[in-house]
Amino acid sequence: MDNMQQQFLEAGTLMLAGMVFVFAFLSILIVFINTVLAKLAIKYPDPVAKAVSRTARKSPSNKTSGEISPSVVAAISGAVKKYRAQHGQD
Amino acid sequence: MDNMQQQFLEAGTLMLAGMVFVFAFLSILIVFINTVLAKLAIKYPDPVAKAVSRTARKSPSNKTSGEISPSVVAAISGAVKKYRAQHGQD
Amino acid sequence: MDNMQQQFLEAGTLMLAGMVFVFAFLSILIVFINTVLAKLAIKYPDPVAKAVSRTARKSPSNKTSGEISPSVVAAISGAVKKYRAQHGQD
Amino acid sequence: MESLNTLWLSTGLANFEFGQVVMMLVGCGLLYLAIARNFEPLLLLPMGFGSILTNIPVAGFSEVGGLLHYIYYAGVDTGIFPLLIFMGVGAMTDFGALIANPKTLLLGAAAQFGIFATLFGAIALNAIPGMEFSLKDASAIAIIGGADGPTAIFLASKLAPELLGAIAVAAYSYMALVPIIQPPIMKALTNEEERKIEMAQLRPVTKIEKIVFPLGVLLMTIFFLPAATPLVGMFCLGNLMRESGVVDRLSSTAQNELINIVTIFLGLGVGSKLSAEAFLNVETLGILGLGAVAFSIGTASGVLMAKVMNKLSKTPINPLIGAAGVSAVPMAARVANKVGLQANPHNFLLMHAMGPNVAGVLGSAVAAGILLALVG
Amino acid sequence: MESLNTLWLSTGLANFEFGQVVMMLVGCGLLYLAIARNFEPLLLLPMGFGSILTNIPVAGFSEVGGLLHYIYYAGVDTGIFPLLIFMGVGAMTDFGALIANPKTLLLGAAAQFGIFATLFGAIALNAIPGMEFSLKDASAIAIIGGADGPTAIFLASKLAPELLGAIAVAAYSYMALVPIIQPPIMKALTNEEERKIEMAQLRPVTKIEKIVFPLGVLLMTIFFLPAATPLVGMFCLGNLMRESGVVDRLSSTAQNELINIVTIFLGLGVGSKLSAEAFLNVETLGILGLGAVAFSIGTASGVLMAKVMNKLSKTPINPLIGAAGVSAVPMAARVANKVGLQANPHNFLLMHAMGPNVAGVLGSAVAAGILLALVG
Amino acid sequence: MESLNTLWLSTGLANFEFGQVVMMLVGCGLLYLAIARNFEPLLLLPMGFGSILTNIPVAGFSEVGGLLHYIYYAGVDTGIFPLLIFMGVGAMTDFGALIANPKTLLLGAAAQFGIFATLFGAIALNAIPGMEFSLKDASAIAIIGGADGPTAIFLASKLAPELLGAIAVAAYSYMALVPIIQPPIMKALTNEEERKIEMAQLRPVTKIEKIVFPLGVLLMTIFFLPAATPLVGMFCLGNLMRESGVVDRLSSTAQNELINIVTIFLGLGVGSKLSAEAFLNVETLGILGLGAVAFSIGTASGVLMAKVMNKLSKTPINPLIGAAGVSAVPMAARVANKVGLQANPHNFLLMHAMGPNVAGVLGSAVAAGILLALVG
Ligand code: NA
Ligand code: NA
Ligand code: NA
């Protein structure tokens with residue numbers, strides 16, 4: 001049982017050291033966000049006009065934003081035609 | 001030529017054993033389909049409403065069905081506009 | 001310094017041999033284009049009608065040209081509806 | 001005749017061992033969970049399939065020259081596959097909610113208590129005859145409490161490869177069970193009033209913050225915990241590719257094709273460790289039990305930490321979002337949102353819970369680094 | 001001067017051997033078939049290119065340190081590439097038509113007679129001086145009759161790697177020639193009346209059947225023929241990913257990016273085996289001849305089996321669909337459909353022929369397993 | 001206590017060496033150039049990140065068992081990654097403009113003088129104490145003048161792996177600087193009248209020409225310079241896949257997913273060579289200086305050659321397009337177009353400059369082959 005007590009001690013130390021370290025690490029990260037990032041955010045604000053293009057960029061598509069492949073355009077005008085024909089609207 | 005006769009014999013045995021095995025194997029598969037699968041099909045019929053969504057799921061697209069990426073939607077309304085402009089319809 | 005002179009000589013030879021070779025190689029390629037390819041171009045002209053389908057083929061999309069996935073078509077007719085609703089056009 | 005006899009001797013029926021049959025049933029069970037119950041199917045489906053293949057007699061999938069042998073040693077044993085997955089996850093992760101509300105990092109820290117308490121528990125289990133966990137084994141088991149699949153696989157492949165199969169099964173199963181495990185704990189530790197707390201809307205986060213954040217995280221990891229840099233580094237690489245906006249085609253590939261390819265192989269490779277000798281023993285029961293404990297403790301510590309912070313903070317914090325600190329992205333955040341909506345139909349916690357949720361990913365990668373540094 | 005001399009000695013012109021020139025022409029021939037004749041271009045284009053590269057003097061593509069050497073030993077020799085292709089093919093395969101009409105499995109079985117009869121034929125060719133096929137060689141050649149590319153490559157890489165190039169050339173060429181080889185045989189063995197037979201519409205197949213089917217196939221393979229489990233297993237994994245509906249992103253990747261990447265490498269790797277020593281001998285002629293025989297016998301046995309079944313069955317069976325049993329998916333099914341339409345413009349056999357067509361894939365994988373078990 | 005001490009000893013702070021810190025700053029500099037200045041971000045971002053990772057103390061990314069070690073030895077040392085990139089680039093390249101105006105090949109040839117003059121310069125630098133370039137080193141450095149990233153990496157990995165990091169940094173940086181380096185040289189060597197020259201519209205090119213062209217290039221390389229066949233061969237394979245029109249799914253994968261995956265790995269692998277010992281020495285300064293010289297000489301010789309051709313040719317040739325002969329596709333062609341527009345707003349040179357631009361790719365691959373044949 002001596003061995004187990006030894007192991008318990010080790011596990012306890014690990015638990016303590018681990019939690020202290022995790023909290024310390026993530027706390028420094030908080031400081032980092034509140035100081036460095038906050039300053040950067042003020043110094044380099046997002047250009048307003050870019051907001052739209054950024055949204056497009058994040059889209060899962062592989063294509064460069066803005067480019068619409070010719071096949072899609074073809075598909076669309078075809079579909080529009082079809083849709084109108086089916087719905088009798090003109 | 002003794003050696004060749006020996007080889008012929010082996011090849012013949014292989015042919016026989018192979019065809020018997022292939023037929024046996026695929027025949028058991030027939031039984032499997034006619035019994036196990038048939039019972040499962042009765043016990044767990046396809047829900048009727050899901051038929052549509054399943055079709056969508058099988059589409060080769062990577063996207064989760066139902067989701068339309070914003071860039072596609074943008075492309076479409078742009079294309080609709082263009083199409084109308086080109087065709088003078090309004 | 002003898003060693004350096006030796007190296008210079010080697011580098012100079014390399015420079016000469018290299019440039020001669022590069023020019024020779026690409027010049028033969030010019031001849032190749034002006035003779036072989038030119039003859040082939042006359043003998044096997046592009047079929048006129050295929051021009052359109054070739055454009056489609058080169059599109060970056062993975063899909064076989066001509067195929068429009070059902071989800072895209074669904075997206076389009078949905079978008080057309082939406083677009084009309086938003087713009088009050090009918 | 002000889003030919004038919006050779007054929008018979010080469011059949012599975014003539015060569016089955018009992019343990020192999022059981023492990024195939026375990027594999028079928030995983031497939032069932034993946035397909036019918038939607039338990040983390042992206043990993044559990046190939047993993048269940050891999051565990052069937054590896055237990056086929058005569059076929060030798062996991063012996064020298066077998067497909068799963070190559071996959072395991074090329075990608076899992078080296079750690080390459082989990083690291084590539086982590087890169088893809090980084091490319092999928094948006095740290096906006098965390099940067100907007102940085103104190104939620106403390107929730108991600110608190111939830112890691114699930115890991116370290118379980119480490120203690122694993123050592124305690126050694127009192128039971130038949131269980132014999134070394135400190136390395138205990139560490140590899142404890143990481144299940146981190147609720148992060150690739151981290152668990154990476155650590156287990158380094159510290160206790162023979163337990164890898166059971167650990168992966170436990171980690172992914174409990175991650176799938178988050179919607180069942182967490183709500184009772186969350187409700188037991190909070191009262192109706194707390195669950196109704198609405199939180200202030202998050203401020204917008206600028207592009208420069210999102211770009212510098214992964215670099216800052218990497219830098220701190222380099223300074224304080226180099227043992228965690230493989231995991232954290234690849235994660236930050238993925239996130240930087242995403243946020244930089246200049247390599248969208250790489251970011252897209254990392255999030256889609258590459259992570260998909262690697263996921264198939266990782267699942268098969270991990271499944272190949274589900275052999276009878278490695279899985280069918282009392283220690284597996286211990287691992288499954290400890291995993292459930294780890295999740296519960298992690299959830300509880302997250303919630304309790306959030307309660308404390310709510311008391312101390314000027315702006316209100318709904319304690320429910322503490323539960324998301326275990327990671328299990330984005331499931332745990334959705335659970336927090338759902339429980340919050342039950343108490344107050346106008347209370348949308350999803351974005352607020354994303355902060356602790358991604359903090360939990362960092363927290364468990366840090367915890368894995370600590371275990372590697374101290375035990376590995 | 002010395003420099004120019006070194007340059008000259010390093011040119012191809014100063015180092016060409018006759019055999020290399022011939023093999024490059026063979027490579028060009030494959031490129032011609034792929035590009036101008038559309039003969040299975042996905043494999044024959046990279047394969048033709050690989051055979052050009054491997055025969056370049058001095059360059060050493062297939063020697064230690066060369067690109068094709070790495071590709072061959074990492075992916076073809078280990079069997080990994082054909083198995084990944086098979087997984088992708090599984091993810092592309094819809095077993096619905098087969099499940100709806102299970103007796104078409106017998107057509108897929110009958111067509112495998114092409115394989116085993118060719119095995120016999122290969123041994124018979126040993127009577128010709130210069131031909132010397134061992135039983136392993138004969139088995140690897142015979143599998144050409146299975147009309148399934150990855151299966152042929154997998155088996156040849158295990159049983160007769162030195163014949164791999166010729167076998168792959170034969171297999172893919174004849175698969176491309178299906179629309180030319182099959183119709184005369186089909187017409188010779190059937191009369192106008194039989195070709196006009198219309199078949200009853202297939203019943204709809206439920207999702208559960210499609211999910212359980214690959215698992216059932218795998219289970220039977222495990223029981224009766226573990227040697228076939230690498231091929232059948234990966235095929236069933238792909239099919240399960242497809243049908244389960246819970247891992248669509250993995251299924252899509254297996255069918256697209258992953259199979260494309262592997263196809264490029266597989267083609268190059270197989271092409272690298274097209275060296276003069278291995279290809280320019282009388283045995284290659286034997287292989288090409290036997291391949292044509294195998295296809296013809298397979299087609300004939302499929303059609304004859306279908307005629308017998310049509311006599312015995314209550315519901316009518318058009319004998320033409322028997323020809324699709326050789327696999328060559330989906331080309332053989334289309335040929336059956338086309339020949340049927342020629343006899344009766346209202347006779348759409350495509351879906352009915354898909355049953356024996358996919359049955360043929362299973363059948364040749366099973367046949368490959370038998371050959372591995374008995375000869376390997 | 002012991003535990004805390006172990007933890008401290010395992011931190012980066014306790015183990016940093018000065019050189020590692022500097023190299024991390026170099027890595028951050030590369031990230032800055034990639035993200036903020038958009039310098040070839042597809043390679044410089046993963047490369048900068050790789051140089052940070054490889055210099056982390058204790059973590060051992062580039063030691064046996066480390067991620068970057070595997071990546072480097074599997075893909076960079078073997079040459080596989082640059083060759084796959086080259087295949088993808090081939091699949092992206094349209095030789096139409098070159099075939100329509102073949103004499104632009106001479107511009108691509110002239111611009112390679114940048115390479116061979118730099119070779120001479122590198123040997124001259126040996127006169128400076130501290131510099132000690134062997135002929136192999138000099139060749140690897142000189143190829144920077146080819147303005148082609150994968151070619152430079154491939155050659156450096158064969159001739160001077162210890163210089164690989166610095167060479168890649170120089171090559172990609174100068175490629176990104178093409179819009180800054182080239183215009184002054186172009187303007188200095190031409191007068192207003194020359195820059196205003198409009199060129200005749202290009203004839204359409206038929207499909208058969210585009211298909212046979214890569215085969216012709218390969219054939220000539222086989223005949224005259226087998227040492228260049230790995231690079232030229234993979235490039236032509238990609239181009240043939242593109243132009244043949246029968247394997248579009250392979251071509252698309254080579255241009256997208258495959259090249260993206262390989263680019264991530266190549267960047268990381270090359271970055272792993274940016275260690276302090278290899279980079280922080282006076283030779284790196286020499287490499288950076290020589291690279292700038294190489295680019296300038298290449299640009300100048302291209303422009304001068306174009307001036308000569310304009311004098312001799314019946315149809316007018318704008319000397320600006322000669323600058324595009326250094327390759328750096330398509331940046332250099334765009335620069336030529338832009339400078340042309342400044343002189344004459346109706347002068348669209350883009351398509352005309354694409355001819356020398358892609359000729360430059362062939363030219364530098366040929367030059368690399370010569371260096372491999374004579375020095376390697
Ligand atoms: Na976690
Ligand atoms: Na077959
Ligand atoms: Na160049």
Side-chain angles (χ1 to χ4, degrees), chain B residues 1-69 72, chain E residues 94 98-100 102-106 108-110 112-113 115-117 119-124 126-127 133-135 138-139 142 203-213 216-217 219-221 223-225 228 242 245 248-249 252-253 255-256 359 362-364 366-367 369-371 374-375:
Chain B
M1 274 298 148
D2 237 26
N3 184 30
M4 259 207 75
Q5 215 161 5
Q6 172 68 20
Q7 277 194 318
F8 264 119
L9 205 70
E10 278 191 80
T13 322
L14 253 177
M15 182 164 75
L16 195 73
M19 284 310 290
V20 167
F21 195 94
V22 167
F23 265 102
F25 190 96
L26 297 184
S27 300
I28 303 180
L29 211 48
I30 296 178
V31 175
F32 171 76
I33 294 174
N34 284 334
T35 55
V36 181
L37 292 193
K39 264 179 212 158
L40 283 171
I42 293 163
K43 203 166 166 191
Y44 305 98
D46 277 1
V48 178
K50 272 196 186 158
V52 173
S53 71
R54 272 183 69 205
T55 316
R57 180 173 58 70
K58 289 283 166 54
S59 82
S61 131
N62 237 348
K63 281 173 291 176
T64 318
S65 67
E67 278 182 20
I68 300 162
S69 86
V72 165
Chain E
D94 182 346
L98 180 65
I99 298 172
K103 58 178 174 281
T104 56
L105 275 162
L106 295 178
Q112 308 315 318
F113 187 61
I115 293 177
F116 293 103
L119 177 71
F120 203 81
I123 294 299
N126 282 349
F133 295 124
S134 70
L135 211 54
S139 303
R203 70 165 177 92
V205 171
T206 61
K207 190 181 171 186
I208 186 88
E209 289 174 284
K210 288 190 175 182
I211 293 177
V212 176
F213 181 75
V217 171
L219 196 74
M220 283 183 46
T221 314
F223 281 168
F224 301 121
L225 195 58
R242 170 200 182 86
D248 287 342
R249 53 184 293 163
S252 166
T253 292
Q255 291 177 49
N256 293 293
L362 293 180
S364 49
V366 168
I370 294 169
L371 294 173
L374 294 185
V375 180

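Order of the sequence lines sets the chain letters (A, B, ...), proteins ahead of strands, with each chain counted from 1. FYI, side chains are in, hydrogens and waters are out, and symmetry mates aren't considered; it's all heavy atoms of this structure.
Closest of all the heavy-atom pairs between E:Ser134 and B:Gln7 is CA-NE2, 4.4 Å. Closest approach of B:Ala11 to E:Ile123, counting heavy atoms only: CB-CG1, 3.9 Å. The shortest heavy-atom contact between B:Asp46 and E:Ile208 is OD1-N, 4.4 Å. Across all their heavy atoms, B:Leu26 and E:Ala359 have their closest contact at CD1-O, 4.5 Å. Residues B:Pro45 and E:Thr206 come closest through the heavy atom pair CA-CG2, 4.5 Å. When all heavy atoms are compared, the tightest approach of B:Leu14 to E:Phe116 is O-CD2, 3.9 Å.
Heavy-atom pairs under 4.5 Å with chain B were tallied for E:Leu98, E:Leu106, E:Leu371; the largest tally goes to E:Leu106. With chain B as the partner, the residue from E:Ala110, E:Ala367, E:Ser139, E:Gly369 showing the most heavy-atom pairs under 4.5 Å is E:Ala110. In terms of non-hydrogen atom pairs under 4.5 Å with chain E, the most contact-rich of B:Val22, B:Leu16, B:Val31 is B:Val22.
Between the CG atom of E:Leu362 and the CG atom of B:Leu29 there is a distance of 6.5 Å, given to the nearest 0.5 Å. Separating the CG atom in B:Leu40 from the NZ atom in E:Lys207 is a distance of 14.0 Å, to the nearest 0.5 Å. For the atom pair E:Ile211 CD1 and B:Tyr44 OH, the distance stands at 11.5 Å (nearest 0.5 Å). Rounding to the nearest 0.5 Å gives a distance of 9.0 Å between NZ of E:Lys103 and CG of B:Asn34.
The environment of B:Phe23 atom CZ is dense: over 12 non-hydrogen atoms of other residues, nucleotides or ligands sit within 6.0 angstrom.
Looking only at side-chain heavy atoms (C-beta outward), E:Leu105 and B:Ser27 stay at 4.5 Å or farther from each other. Considering only heavy atoms from C-beta on, B:Leu37 comes within 4.5 Å of E:Phe213 through its side chain. In this structure the side chain of E:Leu119 never reaches within 4.5 angstrom of the side chain of B:Met15, judged on heavy atoms.
Both the backbone and the side chain of E:Thr221 come within contact range of chain B, each with at least one heavy atom under 4.5 Å from a heavy atom of that chain. Looking at E:Val217, both its backbone and its side chain come within 4.5 Å of chain B, counting heavy atoms on both sides. Both the backbone and the side chain of B:Ile28 come within contact range of chain E, with heavy atoms under 4.5 Å apart. In this structure, the portion of B:Phe32 lying under 4.5 Å from any heavy atom of chain E is its side chain and not its backbone. For E:Phe223, no part lies under 4.5 angstrom from a heavy atom of chain B. At a 4.5 Å heavy-atom cutoff, E:Ala142 makes no contact with chain B through either its backbone or its side chain.
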